[in-house]
Number of protein chains: 2
Amino acid sequence: MKEEQKTEQIILDAAEIEFLDKGFALAKTTEIAARAGVNHALLHYYFRTKENLFEKVFELKVRELSESLQVIIGKDSPFMDRVKGGIEAHFDFIASNPKLPHFIFNELIQNPRRLEKCKPMIAPVLAAIYNTMKIGIAKSVKEGIIRDIDPMHLMYDIVSMNVVVFVMQPVIGEVIEVEGKQYADFLKQRKAENVETILSRLRV
Amino acid sequence: MKEEQKTEQIILDAAEIEFLDKGFALAKTTEIAARAGVNHALLHYYFRTKENLFEKVFELKVRELSESLQVIIGKDSPFMDRVKGGIEAHFDFIASNPKLPHFIFNELIQNPRRLEKCKPMIAPVLAAIYNTMKIGIAKSVKEGIIRDIDPMHLMYDIVSMNVVVFVMQPVIGEVIEVEGKQYADFLKQRKAENVETILSRLRV
DNA sequence: TGTTTGTTTAACAGCGTTGTTAAACCCTAG
DNA sequence: CTAGGGTTTAACAACGCTGTTAAACAAACA
């Protein structure tokens with residue numbers, strides 16, 4: 001009987017698409033209702049305000065993006081393998097959520113109140129990753145496996161390389177014509193390139 | 001007598017600040033007028049519409065960002081030096097225009113019509129850089145100075161590394177407390193890290 | 001059966017923003 | 001001195017979007 005989703009969830013799903021696509025400012029509640037195949041009065045019946053609905057979507061997405069960083073750490077294995085695996089996992093996550101990074105940062109930049117609310121969600125995640133990396137790096141440096149590097153910079157390196165290609169894709173993809181299959185190939189190359197670049201940076 | 005700028009330019013300057021800060025959707029013409037120290041009727045007297053005013057600002061900024069890529073090429077000198085100099089120059093440009101990349105991409109993503117209009121401005125610049133890089137790389141590979149790399153990927157590598165730190169700064173800077181002097185130091189480190197990472201990737 | 005819950009319809013109030021207009025004003029170049 | 005362009009004031013029309021409301025309706029359920 002509960003085969004079809006509840007209406008509330010249907011609206012949330014529609015909202016997610018709309019918000020990720022246009023951002024809070026340009027998204028319209030009427031459009032979300034339409035996309036959900038539902039009357040726009042009903043949307044307000046469930047969520048009362050646009051802000052309300054947005055927050056529900058946004059918090060979920062912030063959590064997802066935070067967790068995506070955790071995969072960079074990976075499980076216990078030789079350091080270089082862990083880094084490689086971490087970069088690839090992180091890349092794959094962004095690849096299946098290509099609009100996520102730009103969306104999150106855009107909303108946080110444009111609305112200080114939201115940023116304030118999210119601090120406590122983001123800070124501990126960053127701290128945890130930083131510490132884990134620091135330990136792994138220190139150990140591997142002592143073993144002479146890698147060059148020394150500030151964990152903060154390593155994080156920036158990985159995130160930079162993995163995120164930018166997807167943020168720029170909507171623009172670059174229009175400027176440089178590329179077919180679907182070609183783009184898939186390009187992404188595969190890009191993933192390899194990112195891994196290789198970071199590993200080169202680490203190799204003694 | 002022409003010591004003070006013309007009103008039109010004053011409005012443009014105010015608009016630039018406002019648009020870069022909030023983006024087209026959230027910027028208010030009244031706010032721009034106020035910031036320009038000018039009546040809001042006068043703004044419309046000069047530019048008629050918000051869209052009009054925005055386009056004037058936007059085209060200028062797209063040109064600036066495009067040109068910033070050109071510095072990556074640099075002048076004639078040993079390849080590794082050229083790359084190093086290029087990365088540093090590009091980094092410095094973004095450092096003094098930290099909001100520019102996010103602004104441009106955000107507007108292009110959110111408004112397909114604008115993207116369409118900008119294609120002819122962007123495409124030739126990219127093509128030119130691509131070709132110059134391709135030649136430089138081919139030559140240096142033959143000389144055994146660097147490993148082979150697709151010019152496209154090298155471009156992505158450099159831009160990724162240089163841009164992300166500034167895009168993320170408004171958020172990360174809130175999450176991780178950092179004083180002014182410390183931030184300046186961090187940027188210096190970051191620039192060195194970016195150069196080192198790219199050069200490591202290229203070294204045989 | 002009647003009650004409740006979810007849903008639609010349709011109309012509308014309120015708000016903020018953009019863009020317009022008319023009138024008066026001020027400065028300065030001719 | 002005066003004519004014209006730049007500028008202000010103040011008011012307002014128009015628009016689109018958010019959020020509300022009342023009434024009717026459908027379906028599940030007691």
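By convention in this document, chain letters (A, B, ...) are assigned in the order of the sequence lines, proteins followed by strands, and residues within each chain are numbered from 1. The structure displayed is predicted, hence computed values, not measured ones. Side-chain atoms are counted along with the backbone in the values below, which use heavy atoms only and exclude waters and symmetry mates.
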Peer 1: Should B:K84 and B:E88 count as an ion pair when the cut-off is N to O under 4.0 Å?
Peer 2: yes
Peer 1: Applying salt bridge (Lys or Arg N to Asp or Glu O under 4.0 Å), name anything that partners A:D92, two or more places apart in sequence or on another chain.
Peer 2: A:K191
Peer 1: What's the CD1-P distance between A:I10 and C:dG6, to the nearest Å?
Peer 2: 14 Å
Peer 1: Whole-Å distance between D:dG5 P and B:K6 NZ?
Peer 2: 15 Å
Peer 1: Is it possible for you to check whether B:K56 lies under 6.0 Å from the centre of the six-membered ring of B:F47, through NZ or CZ, and within 45° of that ring's axis?
Peer 2: no
Peer 1: Does B:R63 count as lying over the ring of B:F58, i.e. NZ or CZ under 6.0 Å from the six-ring centre, within 45 degrees of the axis?
Peer 2: no
Peer 1: Enumerate the residues from residues 34-47 of chain A whose closest heavy atom to DNA chain D is under 4.0 Å, giving them by residue number; use none for an empty result.
Peer 2: A:H40, A:A41, A:H44
Peer 1: When the distance from CD of B:E51 to C1' of D:dC15 is rounded to whole Å, what number comes out?
Peer 2: 16 Å
Peer 1: Dump every N/O contact between nucleotides 14-17 of chain C and the protein below 3.5 Å, one line per pair.
Peer 2:
none

Peer 1: With the threshold set at 4.0 Å, does a side-chain nitrogen-carboxylate oxygen contact exist between B:R35 and B:E18?
Peer 2: yes
Peer 1: Looking at B:E107 and B:K61, is any side-chain nitrogen of the basic one under 4.0 Å from a carboxylate oxygen of the acidic one?
Peer 2: no
Peer 1: Does the plane of the ring in B:F24 sit parallel, tilted or perpendicular to the ring in B:F19? Use 30° and 60° as the thresholds.
Peer 2: parallel
Peer 1: How many whole angstroms separate atom CG of A:L53 from atom C1' of D:dT18?
Peer 2: 13 Å
Peer 1: Rounded to whole angstroms, how far apart are CZ on A:R48 and P on D:dT21?
Peer 2: 11 Å
